[in-house]
Each structure stands twice: as C-alpha cells, then as structure tokens.
Enquirer: 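Handing you this structure, nothing more for now.
Naming convention: chains lettered A, B, ... in sequence-line order (proteins, then strands); numbering from 1 in each chain.
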Amino acid sequence: MEAVMTPTAAKPNDYASDQEVRWCPGCGDYAAFAVVKKVLAKLNLDRSKTVFVSGIGCSSRFPYYMNTYGFHSIHGRAPTIASGLKIARPDLDVWVVTGDGDALAIGGNHFIHLIRRNLNMKVLLLNNRIYGLTKGQYSPTSLQGMKTKSSPMGVLDRPMHPISVALGAEATFAARSIDGDVKHLEFVVERAARHKGTAFVEIYQNCVIFNEGAYQFATDKLTKAENVLQLEHGKPMIFGANRDKGIRLRPGGLTPEVVNLKDVPADSLLIHDEHATDPTLAFMLSRLGQPGFPEPMGVFRDVEQPTYDDQVHEQVQQAITQKGGRGDLQKLLTGTESWRVS
Amino acid sequence: MAATPGALKCEGDQSTLHPRKITVLPSVTIRFAGDSGDGMQLAGTQFTDTSALAGNDLATFPDYPSEIRAPAGTVAGVSGYQIHLANTEVYTTGDAIDALIAMNAAALKVNLRAVKSGGLIIVNEDAFAANDLRKAGYESNPLEDGSLRNHRLVKVPMDAMNAAATKDAGLNPRDTDRCKNMFALGLVYWLYGRSMDATIDYINKKFAKKPAVAKANLLTLKAGYHYGETCELFEEQYQVPRAKLAPGTYRKMTGNEAMALGLITAARMAGQDLVYCSYPITPATDILHELSGEKHMGVITFQAEDEIAAMGAAIGASFGGAISATATSGPGVALKSEAIGLAVMTELPVVIVNVQRGGPSTGLPTKTEQSDLFQAILGRHGECPIPVIAACTSTDCFEAAIEATTIAVKYMTPVMVLSDGYLANGSEPWLVPDASRLGRIVVEHPTADGKPYRPYLRDGNGARPWAIPGTPGLEHRIGGLEKQDITGQVSYDAVNHEKMVKLRAQKIANVKPVGASYLWTGPEKGDVLIVGWGSTYGAIKEAVLALRAQGVAVSHCHIRYVNPLSERIGPLLKAFTHVLVPEMNLGQLSMLLRARFLVDAKSVSKVRGQPFTVQEIEDAVRATMGAAPSFPVPAQATADADAGG
C-alpha cells in the first residue's frame, strides 16, 4: 500500500460516486461495496490516486459506484488493463474487482499471470458460483450436479477452487471471506490493502436471484460454527460451536483429518502459518471444504516477495546506470554502424 | 589451403596476384541460399553491411522457412538472403538474381528459377552427393546433366576447403562445418571487390569469448577470399560504384528496427516514457527484441501472457497517461480486436502495429502478404473506425510510427500501422535525421479547474480530454458501455448512442495526415494510374520509372493513409482511363476504392508469399493498354474474377 494519505480523515461515503447503485436488493455485492469504502476510509487512501478496474459481470459494476478513478473494461481482461496501468504508474493504488466467471473462465489466463507476476495490486473476486448478469448459467465454481439454465441435467464440470488456483500461480497473498460476515470481510480486505504484492481475496457472495443460499452452510447461525474454520496465524486449527474439533494431519502422511479435541493431544493439531515460505500448508487448506471439512476463512498465505512493478522500473534504472545515463536519442538513431555521404 | 590470418591486404583490394578484368555494374542482385542452419542470414547481412559502408544504395530481402530447423538438405529448410545493390537509388530487392550462392542441392533447386539467364551460380559442390540430390528431390545431378547450361556455373568444394582452412583452429567437425558460410562470404567479397574489414571486426567482437571459433571463422573467410583470387574459376571481378545519395549520415535499417526506433522517438517527442506491451509473433517479434534492449531510453517492455493481455496492458498504460504501443501480426490483431474496440469506446491513444504475414490462420508465418487491410479498417465489431497508416518502405516504418503516435494523442484514438514481412525483415540505407529537429508531440493532461470534469467534452479535433489518475478533482470512470455525450456517464439512450457513433466516426474521418497521405509520381491525368499501398511501393515505383522511360504514360499513387482516405484521391482516379491496383491480396484496396469513389479500379493480385517483381507490374500495365477498354483477368485469381465468374 503506497497511496499518499489525504490531509483530513476520510469517511466511507467520501469514496462513493453519485451513481445510483443498481445491484439487486439483497445482493452480496452491497456488503463488499460497504466494506471496501470503509477500509479505504480507514486507511485514508487518496481518491485521486486510487483506481478500480473491472471486467464484465455483476461485480464489475463496482468502479462506477466508487468516487475514485475507475475503468470498467471488457470480460475477463481487467487484470491486463490493471497490469499495464500499474506498470506505467506504480504510484497508483490499483484494485481489480472481478467475479468467478470473469476471473476464472474467460479471464483465467490473465488471472494466473497477474498473480504469478506479483504486481502490487488488490484483486477482489466476488464468487457467487453462478453467472448473474446473463441470468443464471453455471460458472467455473458452480458445484457438480447443479441445475442451472444451461445445465438442466446438472453441471458436469468439476468446480475450480480459486484459492488453489491462486496459490498454484505463486500468490503471495491469498485470503477468503464472506459477504455475510462484514467484520471478517473488513479484516481480510484491510489485510489485503496492506499487503505489498498481488493480494487475492475470494469473497463468498450470495446471489439472491440465481443461486440463493449457496453459502448458507457458512452463514446460518445454527450451523456456521461447525462448517467454518477461522484461520488465525500461529493458532491451532480449531472449530465447532463448542470449539471442540480440530484439524490435524493423519499420522504418517499428508492427509488432513477432522478430530475431536478430547481424542487427541492438543499439540497434534495443525498450527496456521500465514507466512510459511512453502505454500504446501496453504494449498492443503485451500482444498478443505464441504462436505467432510469446514471451509477455512481468513488469510491462507501472506508472504513478501519482490513486486513486478518495482522490478520493471529497477531494470530501467539499472540500464540507465549501466549505460552511463539516460539514452541519447541521436546516438540511438545513428546506431553503431553508420557512414557519411558528403 | 590454410591462409595466414592478417597476411592479406584487403582494403578495397582488387586482386593483385592474378589480375582479372574488372567489370563495372550499375546494379547487381545477389542471393545467398542454403540450409536454414547454414548461416545464410548472417552471410547476407554481413555482405549488406559491407556494401552499405562502401556507399551503395541497397535493399535486402531475407526469405526464411518457418521451421527453425526443417530436415537438413530438404527444400523446406532452404533459407535465403537477397541483396540488391546499385550505384543509383534502389527501390526493390531485385527481380532476378545475377549471382546465386547455393550451399546445397536444395538451395539450388528452390532458387534456380529466379536466376537470370546467363547469371552466375556458385555452388558448394560437396553438397551434391547422391543423398543430397535425393533429399532435394533431384532425379539427376544438375551440375552434370546440362540443366544449368544457360548459366555460368562455378563449382567450389566448400566443405573440403572450409575444413582445410580451419583445421588449425581445433574445432570439432560440427562447429567446423558451421563456419563454411564465411568461406562463401569471403569468396563473394573477392568477386565484388569488397573489403573484409567490417566482417573481421564483427567476428572478433561476436566471438570474443570463443577465440577458437573466431579464429576458424577468420581463417575460412580469408581462405574464401584467396580462393577466388588464386583459382582460375572466375574470368572477371565486378565493381558496383557508390551511389549518389543525399549528403548526411546513413545507417542500414530493417522495417522492424525502424518501427522500434520510431516508437522510441515518438515517446521522446512527447516527453514521455514508452510502454510497449507485446506477445511474440512472427514477423513482429523483432520489435519487442529491439525495444527490450533499449530500456535506458526510457522504454518499458511488457511481454504479456497473450495478445489480448498485450492490448489490454497497452490500454491500461494509456489510461495512466503513458505513450503506449503494441505490435503483432494478423492473428494477433484478431485476438486484440475486442480490446481495440474498448480503446475506441474509451477514446484512449494506443499505437497498434500489424506486421502482416500470409494468412488466414497460421498461414505462411514467415512470408509476406497484404491481406489484413480490411481487418485493419473494418475488422471489428460495432462501428469502430480507427486511423490506419501503411508504411511503404522499411525505413518509412520510422515515420509511420511517429505519425501514428502523433495522431493517437491528438485525436485520442487507437491508430494502426501496417507493415508486412517484406518491410519488416528487409533493410535499406536510411539518412539519419537530426534528433534535435524532430519537433514535439503535444500531450496535455488537464488539471482541476473547479468545474465538474466532463470526460467526453470534445475539442476542435473531436478529441476528449486525457485526464489521468493521480489528478485530484478529476476522478472519473470510463469503460466499454456507451457513454453519454460530454458527461461520459453510462447511457443506454438510443438517440445518444447514434450521436456518439457518429461523433466517433466523424473524429476519424477528420483526421489530418501528419506526413504524406499519399505519394504521387507522374501527371495527374492520363491513360494508366497504378494505385498501391504498403510494401509494393518499390516494385511499382521501379516499374513506373521503367515504363515512363520507354514512353508509356503511367502515373503512380501510393496511399499511406488508408484510413481515412484523402478526398483528393477520388478526382485523381477519375482522371485516368485505367486504374490498376496491385496488391498482395485478392483485391482489398481496389474494392475500397470502387466502393468509396465509384471508379472502375482493377485488381492486380498476387498472394504467393513473395513480393511483386517489377516485371509483373510492367506486364500488368502493358496488358491493360493492349486490351482497352476492359482489363482482362490477370494471371492469378482476383476478387473481381471470382465475383464475375
């Protein structure tokens, strides 16, 4: 996070544009919008140096509602626009807002390459496991068997795990939160904002029209505690309404299992380590989910590595140093093998 | 046979041991041809550099296969490098070859057709064994069966000579064999009375860290030179005197080099860094290579994950206020097209270079073609006009890149520059401009003035303001959805949409050329007008000069701004009885001219991956004049012929 602080304390609504917000009533995008405004205000980010870039989809309306600079681009390509912008202007604070179709289907290639380059920007993926804007087709994160307008007999494709994909692409920051837990979402988005490098946040987001209840397991007050594992750095992985269950590796292997705390010694539980250089633990966590396991929420991985935008400009500076100064145009045009005609 | 390095005095040396007759030639076309691993491109560029230093005007044409290493010895693997040098101005790379250097049987087979009757053929006779002939598809040995009786054949056992010359260098047989291009080059240097100095310097620098390789190359280069001198195979030597070129400093430049330099220069003229975003594709990749090596000039290069990302990143950089560009070939333009539409909608300046190649699909990736004209002008969804500038010579790519950048910024629009494989890889001497006199490209980024910012308020050119992130008070949102006039708010209003479509179209229609909109030779009315665009310039120009010298009244219009077309072209076309349009496609410009100006423009078509020869253009003109009023279908199919049955 590099943006210059504005002189006076900002309020969340300072970051809202005058545009009427047009998501469906009850859409999870509202929660994300509110949280992002709140985090920007808390960090007092300079609106004029902040840019929201999006592709196509419900979530991609986001930039229009922010009173910052914004670019609503084309389907799947937000990471490309954002990359060019950040490379040209490393001074800017760049946010990509995307969805499961935008980032993982049509924009899958750009998504993985953005992450592997570790450009210093934030990526918020609002995952509703459905295509909303085109009115209800399955997405890359739709569960197998799900009946949608384009899969009347059930989805055949195996769903993608966005955090697994991000970690596979060498993500330096990967986290997950949910629209229904605004406090947690705010915590995660703020952590992302403070990360130097590509900060990827998957936000479970409920589509009230086409996929209502997709994340009920994680929002229903009665079952939530049993179905969600809150990740905390340095803490053992414990969950359950009575905090009586934990995750450990089955002895003699790398397979995680759910155990009852009274059956195992406390020190056999896995301890979460966000900063582990090796991404294996984070990847293992990204595979846990319903049924059989609680779904982890929080920061899976947070490590610092050089950012692409810094390195691009370092190379330019290095070239200038090596060549003894910024290049002379006349010398370049004349080249090394010229001759005179008189 | 080993020569002593340094023993030879080679400063413009015409043989002193066995004096030969020296024949002065005004122009000569030489082609080095061999297997793609034989180093023919290097031999060719070295001969070119030396000839340029000797003061010739010249044009070159590398012709190489798309396989990096096709099976050795086959016709598919033949790589060629043609040089046309003269003591006058050179416009083409030469119709027919005066001297062919064929390193193996396949190279002879592929290139023999292009050698002039009576032309010189120097072959490496060590590469004409039964197996070589079989791989080349020869049923009998052309060196012995009389099939070369119309040419002057010189057989040189190059493999053996090269091996003998380099034996003291201590290389293994494979590396030794790789030096034989320098033997051939040395021989050709002797034949044309050229100095070896530039190549000696090159070898010493290139192999500074591999002294054995340097030694072997120097030994065989000089051995080749001595071989010409001492053997009685050649009755004469040739000399092409220096050309009378305008005074100044010259360098040799390919089209891709010119494009890269043009983009850097344009960014400098705008007082900005250049952000160049690209994905490798033949034949445009060299622009990326050139630019990535010039970071100290304030150049940022971004090798994107694909063509779409390259275009998106260029747009993003432009949104941030940078001078941005991308280059690709036709298939890449196809992938970029949706994003080019976004740049049109958001009205952001980006330069898009298309180095055309044979299509469709992967087509003939290393061969030249002009079949993307429609794609450049019309090939996007929606009403999506952009200015299109077609470079007409290799060095014109420099000007075209600067003009495109100037227009992109002035009119806030993506601009496409068309080059092709022939311009991109071909080279010619270039009069180096004075960098201090290049002028400025005016870039204005507004700052807040207290009034609400209106991103789509237009100036006198129809351009919107280029407010960039980081400017307090001008925060705004742009995107692909239709914009309300002036305010730039998202608008689904039908009347507004039509207005915006027309405003965008009018803006492009009003673009004023920065350089020449078209080039003209000859009277402005008469019998025959040849209209061309792009790389056919040289062939048409030479044909027109030749025809005019023979008393045939023919004029030449060469269009650089293919969009928008100059209004002046219409009346000019109507002032001629016949309008011929030679293109390396099935008649795209001719169709545009017919549609736009209602004239009977006739297509002269060639889509063989090779440029037009001067002769082909002359023949087309003569056929037209002899067959008035209606022009017969040319030898190859044309769009008109297909349409008319």
Enquirer: Counting only heavy atoms closer than 4.5 Å, note whether B/V299 contacts chain A via side chain, backbone, both or neither.
Expert: backbone
Enquirer: B/E305 side chain to A/H113 main-chain N or O, any donor-acceptor pair under 3.5 Å?
Expert: no
Enquirer: Please classify the contact of A/R116 with chain B as side chain, backbone, both or neither, using a heavy-atom distance under 4.5 Å.
Expert: neither
Enquirer: Does any non-hydrogen side-chain atom of A/T80 lie less than 4.5 Å from one of B/I315?
Expert: no
Enquirer: With chain A as the partner, which of B/A467, B/A309, B/G298 has the greatest number of non-hydrogen pairs under 4.5 Å?
Expert: B/A309
Enquirer: Determine, step by step, whether A/S73 and B/L342 satisfy the side-chain contact (heavy atoms from CB on, under 4.5 Å) criterion, reporting the C-alpha distance in whole Å, the side-chain angles of both residues, the deciding distance to 0.1 Å, and the verdict.
Expert: CA-CA 7 Å; A/S73 73; B/L342 178 68; 3.8 Å; yes
Enquirer: Of all of A/T321, A/V94, A/I112, A/N67, which one pairs up most often with chain B through heavy atoms under 4.5 Å apart?
Expert: A/N67
Enquirer: Any chance OH of A/Y131 has more than 12 other-residue heavy atoms, nucleotides or ligands included, within less than 6.0 Å?
Expert: yes
Enquirer: Pick one of side chain, backbone, both or neither for A/R89, based on which atoms fall under 4.5 Å of a heavy atom in chain B.
Expert: side chain
Enquirer: Examine whether an atom of A/V312 lies under 4.5 Å from a heavy atom of chain B, and if so say whether it belongs to the side chain, the backbone or both; otherwise answer neither.
Expert: side chain
Enquirer: Kindly compute the distance separating SG (B/C277) from CD1 (A/I87), expressed to the nearest 0.5 Å.
Expert: 6.5 Å
Enquirer: Contact part of B/A52 toward chain A, heavy-atom cut-off under 4.5 Å: side chain, backbone, both or neither?
Expert: both
Enquirer: Would you say CZ of A/R326 has more than 12 non-hydrogen atoms from neighbouring residues, nucleotides or ligands within 6.0 angstrom?
Expert: yes
Enquirer: Side chains of B/I308 and A/H110: does their closest heavy-atom pair fall under 4.5 Å?
Expert: yes
Enquirer: Run the side-chain contact (heavy atoms from CB on, under 4.5 Å) check on B/T249 and A/W339 step by step: do they pass?
Expert: CA-CA 6 Å; B/T249 300; A/W339 65 96; over 6 Å; no
Enquirer: Please examine the side chains of B/F319 and A/I81, heavy atoms only from C-beta on, and report whether any two atoms are closer than 4.5 Å.
Expert: no
Enquirer: Under a 4.5 Å cutoff for heavy-atom pairs, which residue among B/V432, B/I478, B/V490 has the most contacts with chain A?
Expert: B/I478
Enquirer: Could you check whether A/R77 pairs with B/D306 (Lys NZ or Arg NE/NH1/NH2 to Asp/Glu carboxylate O, under 4.0 Å)?
Expert: no
Enquirer: Tell me, for A/S342 versus chain B, whether the close heavy atoms (under 4.5 Å) come from the side chain, the backbone, both or neither.
Expert: backbone
Enquirer: Identify the heavy atoms of A/S338 and B/L53 that sit nearest to each other, and give their distance.
Expert: O-CD2, 4.0 Å
Enquirer: Is B/T346 close to chain A through its backbone or its side chain, or both, or neither, when contacts mean heavy atoms under 4.5 Å?
Expert: side chain
Enquirer: Answer yes or no: are there more than 12 heavy-atom neighbours, outside B/R454 itself, under 6.0 Å from its atom CZ?
Expert: no
Enquirer: Is chain A contacted by the side chain of B/L274, its backbone, both, or neither, given a heavy-atom distance below 4.5 Å?
Expert: neither
Enquirer: Quick one: what part of B/A198 sits under 4.5 Å from any heavy atom of chain A, side chain, backbone, both or neither?
Expert: neither
Enquirer: Between B/E475 and A/K49, is there a side-chain N and carboxylate O pair less than 4.0 Å apart?
Expert: no
Enquirer: Strictly less than 4.5 Å between heavy atoms, which residues of residues 261-269 of chain B line up against chain A? Please order them by number.
Expert: B/L261, B/I264, B/T265, B/R268
Enquirer: Please list, chain by chain and in numerical order, all residues satisfying ring-ring contact (aromatic ring centres under 6.0 Å, His included) with A/Y64, sequence neighbours excluded.
Expert: A/H72
Enquirer: For chain A, find which of B/V275, B/T471, B/L245, B/L438 contributes the most heavy-atom pairs closer than 4.5 angstrom.
Expert: B/T471
Enquirer: I need the minimum non-hydrogen distance between A/I74 and B/A339, along with the two atoms involved.
Expert: CD1-CA, 3.6 Å
Enquirer: Please give me the minimum heavy-atom distance between B/P469 and A/V51, naming the atom from each residue.
Expert: CB-CG2, 3.7 Å
Enquirer: Over 60° means perpendicular and under 30° means parallel, so tell me whether B/F302 and A/Y308 are parallel, tilted or perpendicular.
Expert: perpendicular
Enquirer: Just give me the residue among B/P472, B/A243, B/G55 that pairs up with chain A most often, heavy atom to heavy atom, under 4.5 Å.
Expert: B/P472
Enquirer: Hey, does A/T334 have a side-chain heavy atom less than 4.5 Å from the side chain of B/R251?
Expert: no
Enquirer: Need one label for A/T68: side chain, backbone, both or neither, based on atoms under 4.5 Å from any heavy atom in chain B.
Expert: backbone
Enquirer: Could you tell me whether the side chain of A/S17 reaches within less than 4.5 Å of the side chain of B/R477, counting heavy atoms only?
Expert: yes
Enquirer: Looking only at heavy atoms and a cut-off of under 4.5 Å, which of A/S48, A/S83, A/G84, A/G335 has the most pairs with chain B?
Expert: A/S48
Enquirer: Any side-chain heavy-atom pair from A/H313 and B/I300 closer than 4.5 angstrom?
Expert: yes
Enquirer: Look at the side chain of A/Y69 and the backbone N and O of B/I468, then say whether any donor-acceptor pair between them is shorter than 3.5 Å.
Expert: yes
Enquirer: Do you know the tightest heavy-atom contact between B/P433 and A/L333?
Expert: CG-CD1, 4.0 Å
Enquirer: Rounded to the nearest 0.5 Å, what's the gap from NZ on B/K295 to CD on A/E314? Could you check?
Expert: 13.0 Å
Enquirer: Is it true that B/H296 and A/Q322 share a donor-acceptor pair across their side chains at a distance under 3.5 Å?
Expert: no
Enquirer: Quick one: what part of B/A322 sits under 4.5 Å from any heavy atom of chain A, side chain, backbone, both or neither?
Expert: side chain
Enquirer: Can you tell which of A/V53, A/D328, A/T336 has the highest number of heavy-atom pairs within less than 4.5 Å of chain B?
Expert: A/D328
Enquirer: At a 4.5 Å cut-off on heavy atoms, which part of B/E294 comes close to chain A: side chain, backbone, both, or neither?
Expert: side chain
Enquirer: If I measure from the heavy atoms of chain A, does B/L474 come under 4.5 Å with its side chain, its backbone, both, or neither?
Expert: both
Enquirer: In terms of heavy-atom pairs under 4.5 Å with chain B, which of A/G325, A/A88, A/G70, A/A82 leads?
Expert: A/G70
